[in-house]
Amino acid sequence: MNLFAEIRSLVTASLDALVTEGVLPQGLDYAQVAVEPPRDAAHGDMATNAAMVLAKPAGMQPRAIADALAARLATDPRVTGAEVAGPGFLNLRLSPVVWQSVVKAALVEGTGFGKSTLGQGKRVNVEFVSANPTGPMHVGHVRGAVVGDALSRLLAYAGWDVTREYYINDGGAQVDVLARSAFERYREANGLEPEIREGLYPGDYLIPVGEALKAKYGTSLLDQPESVWLADIREFATEMMMEEIRGDLAQLGVKMDVYSSEKALYGTGQIEAAIQALRDMGLIYEGVLEPPKGKTPDDWEPREQTLFRSTAHGDDVDRPVMKSDGSWTYFAPDIAYHYNKVQRGFDELIDIFGADHGGYVKRMKAAVSALSGGRVPLDIKLVQLVKLYKNGEPFKMSKRAGTFVTLRDVVEQAGADVTRFMMLTRKNDVTLDFDFAKVLEQSKDNPVFYVQYANARINSVMRKSVEAGIDCGDAALSGADLGILTHPAEIEMAKKIAEWPRLVEIAAKGNEPHRIAFYLFELASEFHGLWNKGNDDTSLRFVQEGNAATSAAKIALARAVGVVISAGLGILGVTPVEEMR
RNA sequence: GCACCCAUAGCUCAGCUGGAUAGAGCGUUGCCCUCCGAAGGCAAAGGUCGCACGUUCGAAUCGUGCUGGGUGCACCA
């Protein structure tokens with residue numbers, strides 16, 4: 001139940017009526033008509049800009065439209081006040097009955113209360129993490145994983161058919177490095193001194209791979225040249241790394257639907273087919289790129305390459321797809337992979353990249369635009385760095401020494417729920433500070449705790465009430481006499497609940513899961529405020545001694561908050577707690 | 001040199017895709033509480049939304065040009 005959508009329907013229906021009466025001309029487009037909560041509560045419960053956006057096309061004064069619309073709207077029983085303000089805003093006040101019905105809807109619909117059909121079942125592919133399979137996941141990957149997963153849950157909640165996908169970069173040179181590094185660990189497992197040369201991966205995590213290689217191959221590969229073992233060990237080590245990464249993701253509560261392999265694109269003609277498709281559009285040519293102005297690389301030399309005319313689709317320069325030695329650049333399989341996604345019939349594509357890949361988005365969008373004939377939009381979210389702290393002290397990590405903070409380190413210290421929530425307390429394109437001490441703090445300063453605590457309080461109230469003999473099942477509560485909820489503080493609470501379905505749609509439209517976290521904080525804040533008022537004004541307490549009917553109504557309100565918190569945390573992938581420990 | 005991201009209260013950040021007098025937390029200041037409905041509460045002060053033009057009924061939001069910070073820039077992914 002989206003109250004804002006309902007009132008908007010009321011507004012447009014009223015506009016239609018005014019057209020029928022001849023007050024307004026025919027053929028008006030209502031697309032720009034919005035019904036929103038006013039910034040200032042003193043302006044009422046909802047505001048519409050209808051009069052202002054229609055003034056010009058209707059050839060009328062905004063006030064004239066607003067007055068006519070106000071009179072019309074005032075006849076609806078839900079509307080208790082309609083006044084024109086400012087340059088032509090129409091402010092509406094709604095009956096308490098409306099807000100009470102929101103509480104009831106939340107109880108009846110449960111965590112489906114904010115669900116939307118906005119996505120119309122469209123198929124969206126969300127590609128995220130896609131970490132190189134050369135080691136365990138580190139902190140840098142955590143945020144992308146959480147954002148991608150929460151976004152997937154959000155879109156599913158808002159009516160999309162979501163596929164979560166991981167692209168395994170197992171086709172490039174870095175997996176050869178992995179294989180060579182693993183080979184040294186294999187030698188080590190056989191009692192030889194490993195030679196971790198410059199450029200190899202020094203991390204301890206490859207020791208078990210060496211052990212496993214020994215278990216499989218014994219000593220048979222020790223004296224063999226690289227050409228004999230490289231492919232096999234590469235495959236073996238990559239698979240072990242992916243196993244580890246899957247485990248890491250599982251710890252975070254992330255489950256991919258599809259793992260796609262870069263390597264699988266080679267040798268199957270998929271890259272060739274994708275490039276051919278571009279070629280057929282006249283977007284592939286042989287040419288020489290200009291050197292970048294201002295900063296010419298020392299070893300730059302004019303070189304003829306096979307280029308993709310990405311500038312035809314919004315890029316700044318054309319991009320090479322084939323190296324001078326005839327092999328593909330890294331861009332070519334990426335094109336093929338995205339072509340593959342398009343061909344699988346997705347209506348929308350989303351990629352979650354690290355911010356250091358920002359220079360990559362235009363060419364990727366250009367490729368998808370070309371290969372889908374402009375049919376499939378690609379949204380690329382860049383996720384900024386996470387800076388780790390402990391009690392305000394920066395946490396250092398050194399990739400060179402192979403000692404980095406892994407995803408496991410983070411989850412083991414902070415827990416998956418806390419980690420996930422914190423990763424969503426910033427918009428994706430802003431760097432985020434993560435302090436191991438602060439995120440576990442039980443205080444108002446900690447948004448995770450604050451939201452969880454609200455939910456715990458709600459459950460505490462219900463536990464107590466059940467002991468007092470009040471049926472706190474949603475069915476029973478939704479049947480309570482909610483007309484009792486008339487106190488302004490209670491109405492305010494209900495208004496905040498009413499925003500939930502609208503917020504889901506806003507967040508989904510922008511692919512912005514962080515909005516859910518911020519909303520939950522506001523919702524919890526409103527709830528704690530109401531709770532605190534109960535300290536002084538006992539009539540606002542949820543449990544009213546000796547008055548089961550009143551208690552039921554007030555508990556219903558609390559439970560409605562709990563329903564929304566549960567739904568919201570569900571989107572974030574965070575488990576709601578019923579008790580603070 | 002070019003592209004992308006960021007710039008909002010002392011600090012950390014929201015801000016509904018163009019709406020009304022720009023919000024929250026921390027910090028500061030002042031009251032209150034210390035009752036397990038505990039892990040504090042209430043209130044106040046605090047702003048040239050980096051700067052300048054432009055678009056229009058209306059701009060933190062859109063456009064252009066600057067300033068400052070970050071990221072990236074052909075034969076690496």
Side-chain angles (χ1 to χ4, degrees), chain A residues 4 32 34 36-40 42-43 47-49 52-53 55-56 61-62 85-89 91 132 134 169 171-175 177 262 288-297 299-305 307 315-320 322-327 329-331 333-334 354-363 380 382 384-385 425-433 438 441-447 449-450 453 456-457 460-461 464 499 502-503 505-507 509-510 512 514-515 517-519 521-522 525 528-529 531-536 538 540-543 580:
Chain A
F4 291 87
Q32 295 302 312
E36 309 174 318
R39 200 175 277 175
D40 188 340
H43 291 138
T48 178
N49 60 356
M52 285 182 290
V53 297
K56 194 179 267 184
Q61 291 296 322
F89 280 104
N91 293 328
N132 287 341
T134 55
N169 287 105
Q174 75 281 1
V175 284
V177 176
E262 176 191 359
V288 180
L289 287 174
E290 294 282 316
K293 289 196 175 75
K295 184 211 161 206
T296 307
D299 57 345
W300 192 89
E301 58 185 64
R303 188 181 296 116
E304 189 173 83
Q305 294 166 304
L307 301 170
D315 202 357
D316 306 304
V317 289
D318 293 337
R319 307 290 178 176
M322 189 180 274
K323 302 177 199 170
S324 45
D325 68 0
S327 65
T329 64
Y330 58 88
F331 187 34
D334 277 354
D356 54 342
H357 286 64
Y360 207 56
V361 314
K362 280 194 181 181
R363 76 192 69 173
I380 298 181
L382 297 179
Q384 268 290 358
L385 293 177
T425 54
R426 288 288 178 273
K427 205 163 49 177
N428 59 283
D429 48 18
V430 168
T431 59
L432 182 151
D433 294 341
K438 283 187 182 167
E441 212 170 81
Q442 301 214 334
S443 75
K444 195 184 172 181
D445 311 353
N446 181 350
F449 167 79
Y450 199 57
Y453 185 31
R457 276 181 157 173
S460 156
V461 161
K464 261 173 74 176
E499 285 179 27
R502 180 168 178 272
L503 182 103
E505 295 196 346
I506 290 169
K509 272 182 200 163
E512 295 175 328
H514 74 279
R515 287 182 188 273
F518 280 96
Y519 169 81
F521 183 78
E522 291 168 14
S525 187
H528 288 305
W531 180 282
N532 290 329
K533 284 194 178 77
N535 284 332
D536 298 329
T538 54
L540 282 176
R541 296 192 178 187
F542 295 102
V543 180
M580 300 311 294

Visitor: With rounding to whole Å, what would you report as the distance between B:G40 and B:A59 at their C1' atoms?
Guide: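 B:G40 and B:A59 have their C1' atoms separated by 41 Å.
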
Visitor: Using the C1' atoms only, state how far B:G46 lies from B:G10, rounded to an integer number of Å.
Guide: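 Here B:G10 and B:G46 have their C1' atoms 9 Å from each other.
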
Visitor: When you compare B:G15 with B:G25, how far apart are their C1' atoms, in angstrom units rounded to a whole number?
Guide: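 Their C1' atoms lie roughly 15 Å apart.
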
Visitor: So, does A:Lys56 get its side chain near the phosphate of B:C57, meaning an N or O under 4.0 Å from OP1 or OP2?
Guide: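 Yes, such a contact exists.
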
Visitor: When you compare B:G58 with B:A20, how far apart are their P atoms, in angstrom units rounded to a whole number?
Guide: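 The same atom, P, in both gives a distance of 14 Å.
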
Visitor: Could you pull out all residues at least two apart from A:His43 that satisfy ring pair (Phe, Tyr, Trp, His ring centres under 6.0 Å)?
Guide: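 For A:His43 there are no ring pair (Phe, Tyr, Trp, His ring centres under 6.0 Å) partners, ignoring immediate neighbours.
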
Visitor: Can you figure out which of B:G37, B:A77, B:A14 approaches the side chain of A:Arg426 most closely?
Guide: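 Among B:G37, B:A77, B:A14, the one nearest the side chain of A:Arg426 is B:A14.
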
Visitor: For B:A38 and A:Trp531 - does any side-chain N or O of the residue sit under 4.0 Å from the phosphate oxygens OP1/OP2?
Guide: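 Looking at the OP1 and OP2 atoms of B:A38, one of them is under 4.0 Å from a side-chain N or O of A:Trp531.
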
Visitor: Write down the distance separating the C1' atoms in B:G69 and B:U8, rounded off to the nearest Å.
Guide: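 That atom pair is separated by 16 Å.
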
Visitor: Any base atoms under 4.0 Å from A:Glu301, or only sugar-phosphate, or nothing? Heavy atoms, all strands.
Guide: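 If one applies the 4.0 Å heavy-atom cut-off, A:Glu301 turns out to touch a base.
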
Visitor: Could I get the full list of side-chain hydrogen bond (donor to acceptor under 3.5 Å, both in side chains) partners for A:Asp325, not counting sequence neighbours?
Guide: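 Testing A:Asp325 for side-chain hydrogen bond (donor to acceptor under 3.5 Å, both in side chains), a comparison that skips the adjacent residues, returns A:Ser327.
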
Visitor: For A:Asp316 and B:G1, what is the distance between atoms CG and P respectively, to the nearest whole Å?
Guide: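 It works out to 16 Å between those atoms.
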
Visitor: How is A:Thr431 classified with respect to the nucleic acid when contacts are heavy atoms under 4.0 Å: base, sugar-phosphate, or nothing?
Guide: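 Answer is sugar-phosphate: A:Thr431 comes under 4.0 Å of backbone atoms only.
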
Visitor: Looking only at atom P, what distance separates B:G27 and B:U12, rounded to whole Å?
Guide: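 Here B:G27 and B:U12 have their P atoms 15 Å from each other.
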
Visitor: With a 4.0 Å cut-off on heavy atoms, is A:His514 in touch with a base, just the backbone sugar-phosphate, or nothing at all?
Guide: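 Counting heavy atoms under 4.0 Å across all strands, the contact made by A:His514 is with sugar-phosphate only.
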
Visitor: Using the side-chain hydrogen bond (donor to acceptor under 3.5 Å, both in side chains) criterion, which residues pair with A:Ser443? Sequence neighbours excluded.
Guide: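 A:Ser443 satisfies side-chain hydrogen bond (donor to acceptor under 3.5 Å, both in side chains) with A:Glu441 once adjacent residues are dropped.
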
Visitor: List in chain and number order the residues that pass ring pair (Phe, Tyr, Trp, His ring centres under 6.0 Å) with A:His357, two or more places apart in sequence or in another chain; answer none if no residue qualifies.
Guide: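 By the ring pair (Phe, Tyr, Trp, His ring centres under 6.0 Å) rule, A:His357 matches no residue at all.
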
Visitor: Please report the distance, rounded to the nearest Å, between CG in A:Asn532 and P in B:C35.
Guide: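 Going from CG in A:Asn532 over to P in B:C35 covers 16 Å.
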
Visitor: Within less than 4.0 Å of OP1 or OP2 of B:A38, is there a side-chain N or O belonging to A:Arg457?
Guide: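 Result: yes.
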
Visitor: Return the polar atom pairs (N/O with N/O) between nucleotides 17-22 of chain B and the protein under 3.5 Å, or none.
Guide:
from  : atom 1 : to      : atom 2 : distance (Å)
B:A20 : OP1    : A:Arg39 : NH1    : 3.0
B:A20 : OP1    : A:Arg39 : NH2    : 3.3
B:A20 : OP2    : A:Arg39 : NE     : 2.9
B:A20 : OP2    : A:Arg39 : NH1    : 2.9
B:A20 : OP2    : A:Arg39 : NH2    : 3.2
B:A20 : N6     : A:Asn91 : OD1    : 2.5
B:A20 : N1     : A:Asn91 : OD1    : 3.0
B:A20 : N1     : A:Asn91 : ND2    : 3.0

Visitor: List in chain and number order the residues that pass salt bridge (charged side-chain N to carboxylate O under 4.0 Å, His left out) with A:Asp318, two or more places apart in sequence or in another chain; answer none if no residue qualifies.
Guide: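 So A:Asp318 forms no salt bridge (charged side-chain N to carboxylate O under 4.0 Å, His left out) with any residue.
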
Visitor: Sequence neighbours excluded, which residues qualify as salt bridge (charged side-chain N to carboxylate O under 4.0 Å, His left out) partners of A:Asp316?
Guide: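 Scan of A:Asp316 (salt bridge (charged side-chain N to carboxylate O under 4.0 Å, His left out), adjacent residues dropped) gives A:Lys362.
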
Visitor: Which atom pairs link the protein and nucleotides 6-8 of chain B when you take only N or O atoms and keep those under 3.5 Å?
Guide:
from : atom 1 : to       : atom 2 : distance (Å)
B:C6 : OP1    : A:Asp429 : OD2    : 3.3

Visitor: OP1 or OP2 of B:G15 versus the side-chain N and O atoms of A:Arg515: is any pair under 4.0 Å?
Guide: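 Yes, such a contact exists.
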
Visitor: Can you sort out the partners of A:Glu301 under salt bridge (charged side-chain N to carboxylate O under 4.0 Å, His left out), two or more places apart, ordered by chain and number?
Guide: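 In terms of salt bridge (charged side-chain N to carboxylate O under 4.0 Å, His left out), with neighbours along the sequence ignored, A:Glu301 is linked to A:Arg303.
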
Visitor: Listed by chain and number, what are the salt bridge (charged side-chain N to carboxylate O under 4.0 Å, His left out) partners of A:Glu499, not counting sequence neighbours?
Guide: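 Result, salt bridge (charged side-chain N to carboxylate O under 4.0 Å, His left out) vs A:Glu499: A:Lys496.
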
Visitor: Kindly express the pairing pattern of RNA chain B in dot-bracket notation, using | wherever a base pairs with another strand and counting only Watson-Crick or G-U pairs under 3.5 Å.
Guide: (((((.(..((((.....[...)))).(((((.......))))).....(((((..]....)))))).)))))....

Visitor: Any idea if B:U61 is syn or anti, going by the 90°-from-0 cut?
Guide: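 With its glycosidic angle more than 90° from zero, B:U61 counts as anti.
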
Visitor: Using the ring pair (Phe, Tyr, Trp, His ring centres under 6.0 Å) criterion, which residues pair with A:Tyr453? Sequence neighbours excluded.
Guide: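 In terms of ring pair (Phe, Tyr, Trp, His ring centres under 6.0 Å), with neighbours along the sequence ignored, A:Tyr453 is linked to A:Phe449, A:His528.
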
Visitor: Given the C1' atoms of B:U17 and B:A39, what is the spacing between them in whole Å?
Guide: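 The same atom, C1', in both gives a distance of 40 Å.
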
Visitor: Can you tell me, in whole Å, how much space there is between the C1' of B:A22 and that of B:A9?
Guide: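 So the two C1' atoms sit 11 Å from each other.
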
Visitor: Mind checking A:Phe521 for me? I need base, sugar-phosphate or nothing, with any heavy atom below 4.0 Å counting as a touch.
Guide: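 Sugar-phosphate only.
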
Visitor: For the side chain of A:Asn169 and the backbone of A:Asn132, is there at least one donor-acceptor N/O pair under 3.5 Å apart?
Guide: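 No, A:Asn169 side chain to A:Asn132 backbone: no donor-acceptor pair under 3.5 Å.
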
Visitor: Given B:C4, is OP1 or OP2 found less than 4.0 Å from the side-chain N or O atoms of A:Lys362?
Guide: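 For B:C4, OP1 or OP2 has a side-chain N or O of A:Lys362 closer than 4.0 Å.
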
